[in-house]
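A note on names: the letters A, B, ... follow the listed sequences, proteins ahead of strands, and every chain is numbered from 1. Quantities reported herein were computed from a predicted structural model and do not represent experimental measurements.
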There are 2 protein chains.
Amino acid sequence: MNIVSLLKEKGFRVTKPRLEIIKVLSNYPLSAEEIHDALDKKNIRVDLASVYRSLELFVKMSVVYSIELGEGKKRYELVNKNYHHHHLICNKCGTIEDVEMNEINFDKKINEKSKFLIDHHHLEFFGLCQDCQ
Amino acid sequence: MNIVSLLKEKGFRVTKPRLEIIKVLSNYPLSAEEIHDALDKKNIRVDLASVYRSLELFVKMSVVYSIELGEGKKRYELVNKNYHHHHLICNKCGTIEDVEMNEINFDKKINEKSKFLIDHHHLEFFGLCQDCQ
DNA sequence: AGTATTATTGCAAATTAGTTGCAATATGTC
DNA sequence: GACATATTGCAACTAATTTGCAATAATACT
Ligand SMILES: [Mn+2]
Ligand SMILES: [Mn+2]
Ligand SMILES: [Zn+2]
Ligand SMILES: [Zn+2]
């Protein structure tokens, strides 16, 4: 389902800032500042506070999710049910790559052996990218 | 090896703040503020800036490691080679539980199929603890 | 389309986590 | 104990994020 219907469906307004923010997001995790800069380069003026507010809404709507990669700030990606992946973060240059590991179903595994009910997980790998080794 | 020898070995001074900070750490991840408060309750006065500086040193020494659980701040745990575990974080009450998953060796798996050289990983599960379900 | 209602935005100020400069202090060495 | 200097406390600072509020824009209703 697309963002316009999702917003309408839940009674939220379809605004330019919201639509433009969604457009710059992908499966590559961007910080709020980077999203803001990306919009700036497209000559789209959205206040940083509004970027934060939109992201907060999108996270609540499960359209976007946030991860923290040890940098002291959050990064945001589009939720994509068909592309379950994790990240490889280079300790040296900071490059972020994707890894798919669809062969293991952690959540189920945990839900079987523990009374904790898993909704989702974050798995991040830290090391050296090919160039930095 | 204990912290006193480790500090001496690397030419760092064995100071009261450092020793006391290590004492309040465990396998339960605490924020800098919480560490500071824990010391306060023991009537040990260590400046928050010193807490941050000690933690930074301990992380560099690989005695402590930090994780981020989506709260916008770091949490610190003692490194324990014999107890490889991950966390279950309750979305409702914020409780943090440990999970062991020693049966899978992700890092090796990734290193086999990718050119990225993994050093370590963070795996955190988010959901509802027993009480909050 | 024009107007009314109110959610959302921009802007500035505030807050929180973490960092830094520097003088005072404590640790390790002789 | 005295000396050299690493570490600390304190205050000021920065970066990320949040918040209050008036201005604006999106939907609902003629
Ligand atoms: Mn990604
Ligand atoms: Mn733990
Ligand atoms: Zn790299
Ligand atoms: Zn709970």
Side-chain angles (χ1 to χ4, degrees), chain A residues 2-24 29-40 42-61 63-76 94, chain B residues 2-24 29-40 42-61 63-76 94:
Chain A
N2 71 106
I3 192 68
V4 174
S5 338
L6 276 171
L7 285 168
K8 284 187 175 164
E9 196 176 274
K10 310 211 182 181
F12 296 118
R13 293 186 179 175
V14 179
T15 68
K16 186 165 187 204
R18 286 177 181 160
L19 296 179
E20 295 296 347
I21 288 164
I22 284 288
K23 277 195 218 158
V24 303
L30 296 175
S31 67
E33 192 89 42
E34 286 170 347
I35 293 165
H36 185 252
D37 290 353
L39 292 172
D40 238 45
K42 295 174 79 179
N43 286 315
I44 297 159
R45 206 36 353 262
V46 177
D47 194 80
L48 187 56
S50 304
V51 172
Y52 276 110
R53 281 186 281 225
S54 294
L55 289 170
E56 188 188 31
L57 176 71
F58 293 152
V59 168
K60 252 178 237 146
M61 290 171 67
V63 173
V64 163
Y65 73 100
S66 76
I67 52 170
E68 285 175 283
L69 273 25
E71 311 158 296
K73 67 186 165 198
K74 292 185 181 175
R75 290 182 169 273
Y76 303 83
Chain B
N2 70 107
I3 192 67
V4 175
S5 337
L6 277 171
L7 285 169
K8 284 188 174 164
E9 196 177 275
K10 309 210 185 185
F12 297 118
R13 293 186 178 174
V14 178
T15 68
K16 185 163 189 207
R18 285 176 181 163
L19 296 179
E20 296 295 348
I21 288 164
I22 284 288
K23 277 195 218 159
V24 304
L30 295 175
S31 68
E33 193 89 44
E34 287 170 346
I35 292 165
H36 185 252
D37 290 353
L39 292 172
D40 238 44
K42 295 174 77 178
N43 286 315
I44 298 159
R45 237 287 99 235
V46 177
D47 193 82
L48 186 56
S50 303
V51 172
Y52 277 111
R53 281 186 282 226
S54 293
L55 289 170
E56 187 188 31
L57 177 70
F58 293 151
V59 169
K60 251 178 237 147
M61 289 170 68
V63 173
V64 163
Y65 73 98
S66 75
I67 51 171
E68 285 175 284
L69 273 26
E71 312 158 296
K73 66 187 166 195
K74 291 186 182 176
R75 291 183 169 272
Y76 302 84

Calculate the interatomic distance between B:Lys60 atom NZ and C:dT19 atom C1'; express it in whole Å. 12 Å
How long is the span from the CG atom in B:Leu30 to the NE2 atom in B:His36, to the nearest 0.5 Å? 13.5 Å
Rounded to whole angstrom units, what separation is found between the CG atom of A:Leu30 and the P atom of D:dA16? 14 Å
In whole angstrom, what separates B:Lys74's NZ from D:dA16's C1'? 13 Å
Looking only at D:dT18, D:dC10, C:dG18, the nucleotide nearest the B:Arg45 side chain is D:dC10
From the options D:dA16, C:dA17, D:dT7, select the nucleotide whose nearest atom is closest to the side chain of A:Glu33. D:dA16
Please report the distance, rounded to the nearest Å, between OH in A:Tyr52 and P in C:dT16. 16 Å
To check you understand the geometry: which heavy-atom pair defines the closest contact between A:Lys74 and A:Ser66, and what is its length? CD-OG, 4.0 Å
Is the NZ atom of A:Lys42 crowded by more than 12 outside heavy atoms at less than 6.0 Å? yes
For the pair A:Glu56 and A:Arg53, find out whether any cationic side-chain nitrogen is under 4.0 Å from an anionic carboxylate oxygen. no
Locate the shortest heavy-atom distance separating A:Arg18 from A:Phe58; write the atom from each residue and the value. O-CZ, 3.6 Å
To the nearest Å, how far apart are A:His36 NE2 and D:dT17 P? 14 Å
Could you state the CD-P distance from B:Glu20 to D:dG9, rounded to the nearest angstrom? 12 Å
Can you work out whether A:Leu48 or A:Gly72 has the more 5'-proximal nearest nucleotide on DNA chain C? A:Leu48
In terms of heavy-atom contacts, B:Glu68 and A:Glu71 come closest through OE1-N, 3.5 Å
Whole Å only: how far is the CD1 atom of B:Ile21 from the P atom of D:dG9? 9 Å
For the residue pair B:Ile3 and B:Val14, establish whether any side-chain heavy-atom pair is separated by less than 4.5 Å. no
Need to verify one output field. Residue with the more 5' nearest nucleotide on DNA chain D, B:Lys16 or A:Glu71? B:Lys16
Please enumerate all protein N or O atoms sitting under 3.5 Å from an N or O of nucleotides 20-24 of chain C, with distances to 0.1 Å.
{"residue": "C:dG21", "atom": "O6", "partner": "B:Arg53", "partner atom": "NH1", "Å": "3.2"}

Could you tell me whether A:Arg75 and A:Glu34 make a salt bridge, using a distance below 4.0 angstrom between a side-chain N and a carboxylate O? yes
Nearest heavy atoms of B:Ala32 and B:Leu48, plus distance in Å: O-CD1, 3.9 Å
To the nearest 10 degrees, how far apart in direction are the end axes of the helix from C:dA1-D:dT30 to C:dC30-D:dG1, each fit to five base pairs? 40°
Measure the distance from NZ on B:Lys10 to P on D:dA6 and round it to the nearest whole Å. 17 Å
Nearest heavy-atom neighbours spanning B:Leu69 and B:Pro29: CD2-CG, 4.5 Å
Where do N or O atoms of nucleotides 27-30 of chain D meet protein N or O atoms at under 3.5 Å, pair by pair?
{"residue": "D:dT27", "atom": "OP1", "partner": "A:Val14", "partner atom": "N", "Å": "2.8"}

Can you find a pair of side-chain heavy atoms, one from B:Leu57 and one from B:Leu7, that are under 4.5 Å apart? yes
So, taking the atom named OH in B:Tyr52 and the one named CD1 in B:Ile21, what distance separates them when rounded to the nearest 0.5 Å? 11.5 Å
